[in-house]
Structures are given as C-alpha cells and as structure tokens.
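See structure below.
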Amino acid sequence: MANENYNEIFTFTLENRSGQIADAVSSNNALLNRLRAKGHNRVIHGGSKILEELEYGQGDMSWYSGYDSIQYTPKQLFTAAEYSLKLCAVPVAVSGEDMLKNSGKYQVMDLFEKRIDNAQKTMCNKMSEAVYGDGTAAGGKAIGGLALLVADAPETGTVGGINRATSGNEFWRNKSVTATKAFTAETLRPAMDKMFLSLCRGSDKPDLIIAGNNMYVNFEQSLTALQRYTEPKLAEAGFTSLRYKGADVVFDGGQGGNCPDDKMYFLNTNYIYLRTHKDRDMKVIGGDRMAVNQDAIYKIVGWAGNMTMSNAALQGVLIDKSADDSENAETKTESNPE
C-alpha cells in the first residue's frame with residue numbers, strides 16, 4: 001500500500017486548491033465569468049430541487065376620482081421553475097509506483113500538483129462544454145445549458161418543470177431567429193439589430209452576446225476600425241470580445257471553444273444563474289480514500305448544482321444557415337413572444 005503519510009499531504013494539497021479550481025472554472029467561460037462577477041453563482045443549502053421564482057403576471061391598477069371604487073381581482077402573479085440537482089466529479093489518483101519514482105518531499109508535492117492541475121483543466125473544459133448543452137448528456141445527468149434554456153425551438157420542450165408548448169406559458173419562451181440563407185458581414189448586423197431590440201424592456205437589455213466561429217467572424221468584419229470597442233475586464237480575463245449596443249460580444253470558438261459555429265446567443269444575465277451546493281463547490285468528497293486492492297491514493301473533486309433561469313422572454317438565439325447557401329442572408333422568426 002502507498003505511504004499513508006502522503007495521503008494526508010495529498011488531501012491537504014487538494015483541499016487548499018479547491019477554491020482555485022472553482023475560480024478557474026468561472027474564468028474559463030465567458031458566461032460563467034459574467035455570472036460570477038454579478039454574484040449569480042448562488043449557493044444552494046439543500047433540497048432535491050432548485051427553485052427559481054418567476055414573476056409573470058400583472059396586478060390591477062385603477063384610475064379613479066373622488067369616491068370611485070378601486071377594483072381588485074385576485075390573480076396569480078408568481079410561479080416557480082424547478083431545476084434538478086446535478087452532480088459531477090473528477091477523480092485524482094497517484095500510484096505508489098509514481099510516488100516511489102518521485103521520492104522526496106518536494107518531488108512528491110510536485111507530482112500531486114501536476115495531478116491536481118490536470119483535474120482542474122478537466123473540470124474547466126467539461127463544465128464549459130456543459131454550459132452549451134441541453135441537459136441530455138450522460139443520460140440526462142448533465143446540467144441544462146444554453147441549448148435548453150435558450151432553445152432553438154422555444155415553443156417545444158419543458159424547462160424548469162414548465163412546458164413551453166402549453167398555452168398560457170408563452171412567457172417562458174425565448175426568442176429564436178433562424179436565417180434562411182447564410183449570414184454575411186453585411187446581413188448579420190441588421191439581424192442582430194432586430195434580435196437585440198426585441199429583447200429590450202425599458203432599461204433591461206442583453207448584456208452578453210456569445211458567438212461561435214462563423215457568427216463572430218461576420219460580426220467583426222462588419223465593423224469599421226472606429227467601431228471596435230472592447231471591454232477591458234473581459235480582455236484582461238483572456239476573452240476575445242467587442243462591444244455592441246452596450247453589450248459584450250464574446251468569441252467562444254476556435255480550439256477548445258464550445259459555442260456552435262452557427263449560433264449567437266443574446267443573454268440578459270440578470271436572469272441566469274449558476275446554482276452551486278454549498279458542500280460541493282469543487283470540494284474534495286469523502287475525505288481520505290485509499291484504494292482497497294491497489295497501491296494508490298484516490299481523491300475525488302466534486303461539484304453539485306445546475307444552471308437556472310428566471311426569465312426566458314429576455315433571452316435570444318440567432319442561428320445561421322449553412323455556409324454553403326447563398327451569400328445574401330434573410331431571416332425568419334421561429335418564435336416571437338409578446
């Protein structure tokens with residue numbers, strides 16, 4: 001069996017790094033980075049469901065004079081979306097043979113650090129990938145990402161326990177517009193204008209636009225040199241970004257990028273959250289673990305929570321047509337909720 005003294009050192013090293021892993025995950029994805037900056041990485045304290053209260057109705061207001069009656073009709077103004085708790089874990093293992101080959105305190109510590117670095121990269125990449133998923137990965141055990149919350153076909157499916165196809169649930173549908181012909185630098189901007197304006201509600205408007213390869217290239221080529229405004233904080237965090245009507249346009253494609261080439265998400269992050277369980281925020285699960293029938297030490301870094309949303313009508317997705325189509329792009333509306 002591996003040296004048990006190293007087990008304690010391994011545990012201590014990993015637990016000290018758990019906060020750094022959580023920071024790295026949020027720094028690896030523009031949406032998670034924005035949610036963390038806004039304090040929208042909200043803690044869950046328990047329960048099998050994550051609830052987001054939704055305000056979707058309006059009360060009564062009466063114009064009156066003198067002793068006129070003020071009318072009041074009881075109405076349901078609030079409901080709640082229910083999201084399942086999802087769990088993930090990355091195992092970190094060091095064999096007794098590796099520890100023997102790296103004998104000496106500092107060499108062993110370096111060995112641990114390399115294993116933990118690998119676990120951190122794995123967690124970052126897998127979480128960033130899940131942010132764009134629809135929750136069906138791993139047999140439905142993955143978090144519900146943008147493909148679910150800001151769907152291509154928002155008039156179908158169930159999100160947070162609310163069936164979007166049901167009459168009366170139009171408030172729970174995002175905006176989705178699909179191009180009938182491939183976008184170009186000239187045709188993308190008018191489509192972006194229409195999408196952006198359709199998602200404005202007074203001072204409420206999209207603050208983050210995430211684009212894949214094709215969409216970002218067309219957007220960047222549509223700008224003149226004087227229009228290339230950038231957001232310093234995102235640039236400092238390593239994200240390629242520009243500005244559009246006050247919103248940050250972030251590129252999440254290229255090597256390791258996960259935003260689909262043909263998608264541009266218009267997000268109002270005031271209503272999107274990453275809900276994390278207080279006991280599973282990239283923390284070591286279960287304390288010390290020695291392999292039963294192996295000369296190795298195992299640790300597990302775990303996370304539990306889900307991505308949630310409290311307003312769908314203020315979110316949108318612009319979808320490109322095949323690049324093989326005509327260069328002149330036209331658009332059609334898939335869903336245009338009031």
Side-chain angles (χ1 to χ4, degrees), residues 17-18 20-37 40-41 50 83-92 115-153 157 159-160 174 176 208-217 234 237-241 248-267 269 272-277 280-283 285 300-309 315 317-320:
R17 287 282 299 275
S18 62
Q20 296 177 29
I21 295 175
D23 292 344
V25 168
S26 63
S27 298
N28 197 53
N29 179 275
L31 175 55
L32 297 183
N33 183 275
R34 176 59 55 86
L35 297 182
R36 184 183 177 197
H40 283 203
N41 190 350
I50 304 170
Y83 299 87
S84 300
L85 185 71
K86 302 298 181 75
L87 300 93
C88 67
V90 175
V92 186
R115 295 293 192 275
I116 296 169
D117 283 342
N118 181 265
Q120 175 176 305
K121 292 175 184 177
T122 299
M123 186 71 81
C124 288
N125 293 335
K126 293 299 183 182
M127 285 292 289
S128 295
E129 181 181 339
V131 163
Y132 293 99
D134 61 2
T136 60
K141 298 175 184 177
I143 63 172
L146 293 179
L148 174 70
L149 303 180
V150 190
D152 295 1
V159 178
N174 60 271
S176 176
L208 183 64
I209 300 172
I210 304 177
N213 289 355
N214 296 343
M215 301 292 263
Y216 193 87
V217 167
L234 283 172
F239 297 108
T240 302
S241 68
D248 300 312
V249 184
V250 180
F251 172 63
D252 192 9
Q255 292 189 22
N258 293 291
C259 184
D261 288 353
D262 61 345
K263 299 286 177 64
M264 179 177 274
Y265 287 100
F266 290 68
L267 306 177
T269 61
I272 301 176
Y273 311 89
L274 184 69
R275 304 295 303 276
T276 302
H277 197 286
R280 288 287 174 89
D281 190 5
M282 311 300 172
K283 294 184 178 180
I285 302 174
I300 296 176
V301 180
W303 180 89
N306 208 340
M307 185 172 287
T308 66
M309 177 178 65
Q315 318 296 338
V317 58
L318 196 57
I319 307 167
D320 198 4

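From a predicted model like this one, the values you see are computed outputs, not experimental measurements.
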*Taking all heavy atoms of Ala211 and all of Cys259, pick out the closest pair and write down the distance.*
C-SG, 3.7 Å
*State, to 0.1 Å, how close Gln315 and Val150 come at their nearest heavy-atom pair, and which atoms those are.*
CB-CG2, 3.8 Å
*Cut-off 3.5 Å, side chains only: do Asn41 and Tyr273 have a donor facing an acceptor?*
no
_Between CG on residue Asp152 and CG on residue Leu146, distance to nearest 0.5 Å_ = 10.5 Å
_Flag, side chain of Asn125 to backbone of Lys121, donor-acceptor distance under 3.5 Å_ = yes
*At what distance, to the nearest 0.5 angstrom, does CG of Leu35 lie from OG1 of Thr308?*
9.0 Å
*Heavy-atom pair of closest approach, residues Ala151 and Val317*: O-CG1, 3.7 Å
*Is the shortest heavy-atom distance from the side chain of Trp303 to the side chain of Thr276 under 4.5 Å?*
yes
*asked:* I want to check something: taking the side chain as every heavy atom from C-beta on, are Asp262 and Asn213 in contact at a cut-off of under 4.5 Å?
replied: no
*Could you give the distance from CG (Leu267) to CD1 (Ile272), rounded to the nearest 0.5 Å?*
4.5 Å
*Is any side-chain heavy atom of Asn306 less than 4.5 Å from a side-chain heavy atom of Arg275?*
no
*Would a distance-only check, ignoring hydrogens and angles, find a side-chain to backbone donor-acceptor pair under 3.5 Å from Tyr83 to Met309?*
yes
*How long is the span from the NE2 atom in His277 to the CG atom in Leu85, to the nearest 0.5 Å?*
6.5 Å
*Check whether any side-chain heavy atom of Val92 lies under 4.5 Å from a side-chain heavy atom of Ile300, and answer yes or no.*
no
*Enter the distance from Met127:CE to Leu32:CG here, rounded to the nearest 0.5 Å.*
6.0 Å
*Separation of Asp261 CG from Asn214 CG (nearest 0.5 Å)*: 5.0 Å
*Hey, are the side chains of Phe266 and Leu318 touching, using non-hydrogen atoms and a 4.5 Å cut-off?*
yes
_What I want to find out is whether Asp320 reaches Lys263 closely enough, with some N-O distance under 4.0 Å, to be called a salt bridge._
no
_For Gly305, is there any backbone N or O sitting under 3.5 Å from a side-chain donor or acceptor partner on Lys86?_
no
_With no hydrogens and no angle check, just 3.5 Å: does a side-chain donor-acceptor pair link Asn28 and Ser128?_
yes
_Using only atom types and a distance under 3.5 Å, with no angle test, would you say the side chain of His40 pairs donor to acceptor with the backbone of Leu274?_
no
*asked:* On a heavy-atom basis, which atom in Leu149 and which in Asn174 lie closest, and how many Å separate them?
replied: O-OD1, 3.6 Å
*Side chains of Ile210 and Tyr132: closer than 4.5 Å at any heavy-atom pair?*
yes
*Does Ile285 reach the side chain of Arg280, with side-chain heavy atoms less than 4.5 Å apart?*
yes
*Could you tell me which non-hydrogen atom of Ala30 sits nearest to which non-hydrogen atom of Val250, and how far apart they are?*
CB-CG1, 3.5 Å
*Identify the heavy atoms of Gly144 and Met307 that sit nearest to each other, and give their distance.*
O-CB, 3.5 Å
*With side chains defined as the heavy atoms from C-beta onward, is the minimum distance between Met282 and Val25 less than 4.5 Å?*
yes
